[in-house]
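Scroll down for the structure; my scribbles are underneath it.
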Amino acid sequence: MDKANCLTWIELSKKALAKNVASLAKLAGKRHLAVSIKSNAYGHGLREIVTLLDGLDAVDYLTVESIEEAAVCREEGWRRKLMLLGPVPQSRVEEILDYNVEPVICDIATLKSLSKLTAVRKIPLRTHLKLETGTHRQGIADKELPAFAKIYRASKWLKKPYGASTHFANIEDTTNHEYAAHQLAEFNRLVAKMKTLGIAPVVRHTASSAATILFDKTRFELVRPGISAYGHWPSKETYLSYCLEGKHNNLFVPVLSWKTRVTQIKDVPAHAFIGYGCTYRTTAKTKLAILPIGYYEGYSRALSNRGHVLIHGKRAPVRGRVCMNLMMVDVSDIKGVKLGDEVTLIGSDGRENVTAEMLGDWSGTINYEILARLSPMIPRIVVP
């Protein structure tokens, strides 16, 4: 789609994605590199990102959250390995075989179903076990492992889990990584127990973006970065920990920028209220630009009277409440604003920039949420 025909659009930099993957591949070394594309590729656009990653030989796996995402990857031509991180309804377990997906298993019911299906269809299947090490969401506890091992030993087609994984609870949010070290020790203990039960994994994987960047001993045979592939640091603390090691940020470049257009200009008198709830009142004559963007499109209502956008390389503050499909910004001090002018919501314009991290800070959340909640309805346009 041509952006000239859009009121709002997202641009995806092919060059930035290639740079980020190259940085991650260098960190991974000879290990398998699995890029997470769950949640619409962290808001970037699942179909577009799959197509771009398909052109990068360094990527061995894609990791998805749902069977629906796996189906899209296959539809878009991805023929390499797919790892399914999330649960699957029992009624759809057979689709794991249909799409040739490697499931990460947390519950024994799914493993039993797969054991029966592989026997009926006479198809071998690679599976991974998610081990509970202290995050206490998905994960198999120590005492549950013997029951899983019994099913593997009895199955001709499953044989044993190909992989074992876990996820760190507190590796991004702090510069103190004691709890991560505790989880890593617990993971190693559980893998050793798997070996005694006759289900030793071929590959181990624990490394998210932060772990991949910071800790070589978490990388094992496979790494699973997510947000860093899209050019964003997992947290300020991750970046600080990296800098404290004497390194500099030349690893990642943001892939995504978000644009819209001015669709109306209004002259508003002094002492007038703007928007729902009368949350902003002008103190002088004010020129507003109306933008066709709101919380439905992913611009959080929490940014009301807090955020700013870029027009003609200058900051224009948000005035009043962000609506479902509209928002108002103050352009009183920006000369020459007219209908159809390009507006940057995330990205750079001249010397100014607005980042997903800024929007996260202003709205009391994180860059992950800002990106992941961008509406799938917004056109994604790949740029060089």
Side-chain angles (χ1 to χ4, degrees), residues 1-3 5-6 8-18 20-21 24-25 32-105 110 113-114 117-118 120-128 162-163 165 205 222 224-227 229-231 255-256 258 297-298 368 371-384:
M1 181 174 288
D2 188 338
K3 71 177 186 179
N5 299 320
C6 300
T8 184
W9 68 97
I10 286 169
E11 295 179 2
L12 303 172
S13 169
K14 182 178 181 179
K15 181 179 179 180
L17 183 64
N20 300 336
V21 168
L24 291 166
H32 295 294
L33 176 61
V35 175
S36 177
I37 57 165
K38 65 179 184 174
S39 303
N40 200 29
Y42 288 53
H44 288 64
L46 180 57
R47 293 183 184 276
E48 292 81 3
I49 293 298
V50 169
T51 300
L52 290 174
L53 290 175
D54 201 24
L56 301 176
D57 293 338
V59 182
D60 302 298
Y61 276 85
L62 298 181
T63 66
V64 297
E65 181 66 18
S66 67
I67 201 70
E68 291 85 359
E69 291 176 346
V72 170
C73 291
R74 295 308 189 201
E75 288 169 11
E76 291 300 316
W78 182 263
R79 296 292 174 261
R80 281 172 260 176
K81 298 170 187 173
L82 272 179
M83 189 186 301
L84 177 62
L85 304 177
V88 178
Q90 283 295 305
S91 60
R92 300 184 64 186
V93 168
E94 193 163 4
E95 293 179 54
I96 290 173
L97 301 181
D98 294 339
Y99 294 117
N100 189 22
V101 174
E102 298 179 20
V104 177
I105 297 172
T110 297
S113 295
L114 288 171
L117 282 169
T118 53
V120 170
R121 293 178 56 171
K122 294 182 172 54
I123 297 176
L125 179 68
R126 283 183 173 181
T127 60
H128 303 249
Y162 180 70
S165 71
H205 46 103
L222 183 150
R224 310 183 317 260
I227 201 164
Y230 305 99
V255 171
L256 177 150
W258 184 17
E297 286 77 23
Y368 291 82
L371 295 168
R373 295 184 69 181
L374 294 175
S375 173
M377 297 297 290
I378 300 172
R380 269 71 173 172
I381 300 172
V382 175
V383 298

If you define the side chain from C-beta out and look only at heavy atoms, does anything of L114 sit under 4.5 Å from V93? yes
Please report the closest heavy-atom contact between L125 and V101, naming both atoms and the distance. CD1-O, 3.4 Å
Do D98 and R121 make a side-chain contact, defined as non-hydrogen atoms from C-beta onward lying under 4.5 Å apart? yes
Quick one: are R380 and L374 in side-chain contact, heavy atoms under 4.5 Å? yes
With a 4.5 Å limit on heavy-atom distance, are the side chains of I378 and C6 in contact? no
side-chain contact (heavy atoms from CB on, under 4.5 Å) with D60: which of V35, L222, L33? L33
Taking the side chain as C-beta and beyond, is there a heavy-atom pair between V72 and V64 under 4.5 Å? no
Heavy-atom side-chain contact between M1 and W9 under 4.5 Å: no
Side chain of N40, backbone of L46: donor and acceptor closer than 3.5 Å? yes
Taking all heavy atoms of S165 and all of R224, pick out the closest pair and write down the distance. CB-NH1, 3.8 Å
Only one of V21, I37, L52 passes side-chain contact (heavy atoms from CB on, under 4.5 Å) with V59, and that residue is V21
Do the side chains of L371 and Y230 get nearer than 4.5 Å, heavy atoms only? no
Would you check if K38 and T63 make a side-chain contact, meaning some heavy-atom pair closer than 4.5 Å? no
Ring centres under 6.0 angstrom apart (H32, H205): no
Where G298 and W258 come nearest, the two heavy atoms and their spacing: C-CH2, 3.9 Å
Under 3.5 Å, which donor-acceptor pairs do the side chains of residues 84-91 form with other protein atoms, sequence neighbours left out?
{"unit_1": "Q90", "atom_1": "OE1", "unit_2": "S113", "atom_2": "OG", "d": "2.6"}
{"unit_1": "Q90", "atom_1": "NE2", "unit_2": "T110", "atom_2": "OG1", "d": "3.4"}

Looking at residues at least two apart in the chain, or sitting in another chain, which of them share a side-chain hydrogen bond (donor to acceptor under 3.5 Å, both in side chains) with W78? none
Please determine whether the number of non-hydrogen atoms from other residues, nucleotides or ligands lying under 6.0 Å from atom NZ of K81 exceeds 12. yes
Between R126 and M83, is there a donor-acceptor pair closer than 3.5 Å when you use the side chain of the first and the backbone of the second? no
L17 and its side-chain contact (heavy atoms from CB on, under 4.5 Å) partner, picked from V382, L12, L256, I49: I49
Any ion pair linking R74 and E95 (charged N to carboxylate O, less than 4.0 Å)? no
Salt bridge check, D54 against R80: does any charged N sit closer than 4.0 Å to a carboxylate O? yes
